[in-house]
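The structure under discussion appears below in the form of structure tokens.
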Amino acid sequence: MESVQIVDVESPPEYAESPNQQPGAIEYGDNKSLDSGVENNLDNLTEATLSEDDDYDNGSSDKENSVPEPENDNKITDALRTLKLSGHVGFDSLPDQLVNKSVLSGFIFNILCIGETGLGKSTLMDSLFNTSFESTPSPHSLPSVKLKAHTYELQENNVKLKLTIVDTVGYGDQINKEDSFKSIVDYIDNQFEAYLQEELKIKRSLSTYHDNRIHVCLYFICPTGHGLKSLDLVCMKKLDSKVNIIPIIAKADTISKSELQKFKTNIMTELSSNGVHIYEFPTDDETMSDVNAAMNQHVPFAVVGSTEFVKVANKMMRSRQYPWGTVQVENESHCDFVKLREMLIRTNMEDMREKTHCKHYELYRKKRLEEMGFSDVDSENKPMSFQQSYENKRSSHLAELQKKEDEMRQMFVVRVKEKENELKDSEKELHSKFDKLKKDHADEKKRLEDAKKKLEDDMMEFTKRKQQMTAMSGSHTLTLGKNKKK
Ligand SMILES: Nc1nc2c(ncn2[C@@H]2O[C@H](COP(=O)(O)OP(=O)(O)OP(=O)(O)O)[C@@H](O)[C@H]2O)c(=O)[nH]1
Ligand SMILES: [Mg+2]
């Protein structure tokens, strides 16, 4: 790496286009400049395409060259004609155009490091990119796993790379490790979701969008020498359909050579018996198939990282010094660091980017769109366009709404009837109460009137008696007076 420029960006910014980039400006390689004969050649090509009688491909049969007669005007034939150009046209510069365009816009690569606290994640990242990302050690006391992303801008020659390193802070530190993988799964899904939302926008800007989808997950295995922990298996199983996993044995200098081979075999057996699919370096490209196939046999890579340099044969080498000797990080007989760097950065970076987009993101996108109710086929398994799918979804949604509305209306009518009956009952009750009160009142009134009449009668009787008494006492007094005079 010649020059490394690091810009630490805590939260990834919008990915700006290169200031030098001009729309449509394409640099052609020296040997691929457009020559003056292009116009003539284009004319030739047009003629060649139009004229059916000429034999343009001597090596191909008549059947290949002949254009089948269309059965009717609406039917498009699948037949392809292979034509030979009679001169240089220029489209052989397409690969160069592609390279130039990619170099101008820069590359993005996102690494997720999963591993227990203090397992050497940050040291390995420094060693891999031969720089210092200046990370801080994590505490062991976090109640849950947190993911922290840091974005750096690196430049090597004229190639710019936006590298995001995502760290799992506090992984494996909790007593209950059941949910340790959950925040990691959520993080990966959130990046897919953000990309999907950008893709679904009417006015989308994918060319300038800062893609945060994880391209590779380096899973740091504890160098126990035995096998995988259950947390390792559970986490990798949850992630294997979402991200390219490369398992690595951390701090491999702590295991002896013979133990290491057995440890690697144990790990691979455990992974396959639990159905965990890890990333395999592609063997379909002939130029790389041998190397990649050989490297697949070395997984999980046993790596050593270091930030210290020791002078070995007049050269400063990344090493770890011990009382009994020195472990050189880049020495292939000491560890697999060089193999990992070769596979991860120099050979298969683009394949991982592509697999992330074409395999893992595609799976997520399919699942999400199906959840939203979209499908490529109808109920009879016949192909269906996006618009048809949307219209079907819309009509089923409207039908569902209508059904809900009807149900609510019916429920409303039933409730109104219930309330009406309730009101009628309480009205009846009130009426009967009123009647009873009225009757009670009438009875009371009658009773009082009777009492009053009786009282009046008694009063009359009393008055009459009183008068009688008064009259009687008057005549008695008169009789007494007459007797005195005598
Ligand atoms: N023996 C040995 N020690 C290592 C190796 N890599 C890192 N270390 C040491 O392990 C300790 C932790 O290293 P870090 O790189 O900070 O580990 P980490 O996983 O980033 O730690 P956290 O971010 O705190 O979780 C440091 O003292 C490193 O020097 C290695 O390959 N072998
Ligand atoms: Mg760290």
Side-chain angles (χ1 to χ4, degrees), residues 6 8 10 110-152 163-174 177 180-181 183-184 187 214 216-225 228-229 231-232 235-236 245-257 259-260 263-264 267 298-310 312 316-341 344:
I6 303 175
D8 187 346
E10 278 275 344
N110 305 323
I111 304 178
L112 168 66
C113 294
I114 307 181
E116 291 175 23
T117 308
L119 213 46
K121 302 182 290 290
S122 307
T123 311
L124 189 79
M125 286 300 113
D126 287 358
S127 310
L128 276 174
F129 289 92
N130 205 13
T131 183
S132 171
F133 293 117
E134 284 162 10
S135 58
T136 44
S138 324
H140 283 267
S141 52
L142 291 175
S144 61
V145 180
K146 286 198 173 61
L147 279 94
K148 259 192 181 165
H150 291 269
T151 301
Y152 308 90
L163 176 73
T164 298
I165 299 174
V166 185
D167 214 341
T168 48
V169 184
Y171 184 75
D173 285 339
Q174 295 74 37
K177 297 183 177 66
S180 295
F181 62 85
S183 41
I184 304 174
Y187 181 87
I214 300 294
V216 66
C217 158
L218 293 180
Y219 195 95
F220 288 66
I221 298 166
C222 213
T224 56
L228 292 168
K229 298 180 183 180
L231 174 63
D232 300 332
C235 187
M236 280 195 257
I245 302 175
I246 300 183
I248 52 177
I249 299 169
K251 298 189 179 180
D253 52 330
T254 58
I255 308 185
S256 74
K257 212 172 174 180
E259 277 177 346
L260 184 64
F263 189 35
K264 279 190 176 190
I267 291 170
H298 286 282
V299 176
F301 295 121
V303 294
V304 175
S306 178
T307 47
E308 280 174 37
F309 288 84
V310 174
V312 180
M316 295 304 279
M317 303 287 275
R318 244 175 225 276
S319 316
R320 299 190 74 84
Q321 268 188 307
Y322 295 102
W324 57 88
T326 304
V327 179
Q328 291 164 23
V329 172
E330 293 183 59
N331 187 332
E332 284 206 56
S333 60
H334 290 190
C335 72
D336 297 334
F337 172 82
V338 171
K339 292 188 182 77
L340 173 67
R341 187 180 59 194
L344 179 74

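Order of appearance sets the numbers: ligands from 1, and atoms from 1 within every ligand. As the structure is a prediction and not an experimental result, all values here were calculated from the model. The first residue of the sequence shown is numbered 1, and numbering continues consecutively from there.
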message: Any protein heavy atom at under 4.0 Å, with atom 26 (C) of ligand 1 as the reference point?
response: no

message: Is there a polar contact, in the sense of an N or O pair closer than 3.5 Å, between P137 and ligand 1?
response: no

message: Are any of the N/O atoms on T254, whether in the backbone or the side chain, positioned under 3.5 angstrom from an N/O atom of ligand 1?
response: no

- prompt: Is there a donor-acceptor contact under 3.5 Å from the side chain of S135 to the main chain of F133?
  reply: no

- prompt: For atom 11 (C) of ligand 1, what's the nearest protein heavy atom and its distance?
  reply: K251 NZ, 4.0 Å

- prompt: Can you tell me how far the SG atom of C113 sits from the CG atom of L124, to the nearest 0.5 Å?
  reply: 7.5 Å

query: Identify the closest protein heavy atom to atom 18 (P) of ligand 1: which residue and atom is it, and at what distance?
result: K121 N, 3.4 Å

message: Quick check against the 3.5 Å criterion: does S138 have a side-chain atom that pairs as donor or acceptor with the backbone of V169?
response: no

OG1 on T307 to CZ on R320, rounded to 0.5 Å: 7.0 Å

message: Within ligand 1, which atoms have a heavy atom of S122 less than 4.0 Å away?
response: 15 (O), 18 (P), 20 (O), 23 (O)

query: Ignoring hydrogens and geometry, is there a side-chain-to-backbone donor-acceptor pair from D336 to A302 under 3.5 Å?
result: yes

- prompt: Is there an N/O/S atom in S138 that lies less than 2.8 Å from the Mg ion (ligand 2)?
  reply: no

Residue-ligand contact G115/ligand 1, heavy atom below 4.0 Å: no

Atoms in ligand 1 flagged as close to S138, the criterion being non-hydrogen separation under 4.0 Å: 22 (P), 23 (O), 24 (O), 25 (O)

message: Give me the residue, atom name and distance of the protein heavy atom closest to atom 29 (O) of ligand 1.
response: R320 NH2, 3.3 Å

- prompt: What protein heavy atom sits nearest atom 31 (O) of ligand 1, and how far off is it?
  reply: G305 N, 3.0 Å

message: Treating S306 as the side-chain partner and E308 as the backbone partner, does any N or O pair qualify as donor plus acceptor under 3.5 Å?
response: yes

field: Any donor-acceptor N/O pair, Q174 side chain to L142 backbone, under 3.5 Å
entry: yes

query: So, does K121 use its side chain to make a donor-acceptor pair with the main chain of G115 at under 3.5 Å?
result: yes

field: Heavy-atom protein contact below 4.0 Å for atom 13 (O) of ligand 1
entry: yes

message: Among L218, T123, V329, I111, exactly one meets side chain to side chain contact (heavy atoms under 4.5 Å, CB included) together with L128. Which residue is that?
response: L218

- request: Enumerate the atoms of ligand 1 whose separation from the nearest heavy atom of V304 is less than 4.0 angstrom.
  value: 31 (O)

message: Side chain or backbone, does G120 bring an N or O within less than 3.5 Å of an N or O on ligand 1?
response: yes

task: Do me a favour and list the nearest non-hydrogen protein atom to atom 21 (O) of ligand 1 with residue, atom name and distance?
output: G118 N, 3.1 Å

- request: Measure up the Y152 and H150 rings against each other and bin them: parallel (under 30°), tilted (30 to 60°), perpendicular (over 60°).
  value: parallel

task: If you have a sec, work out which protein heavy atom is nearest atom 1 (N) of ligand 1 and how many Å separate them, to one decimal?
output: D253 OD2, 3.0 Å

field: T123 contact mode with ligand 1 (heavy-atom cut-off under 4.0 Å)
entry: both

message: What I want to know is whether T117 and ligand 1 share at least one N or O pair that is separated by under 3.5 angstrom.
response: no

message: Can you tell me which portion of Y322 lies within the under-4.0 Å heavy-atom range of ligand 1? Options are side chain, backbone, both, or neither.
response: side chain

query: Is the backbone of H298 close enough, under 3.5 Å, to the side chain of K264 for a donor and an acceptor to pair up by distance?
result: yes

- prompt: Backbone N or O of Q328 within a donor-acceptor pair of the H334 side chain at under 3.5 Å?
  reply: yes

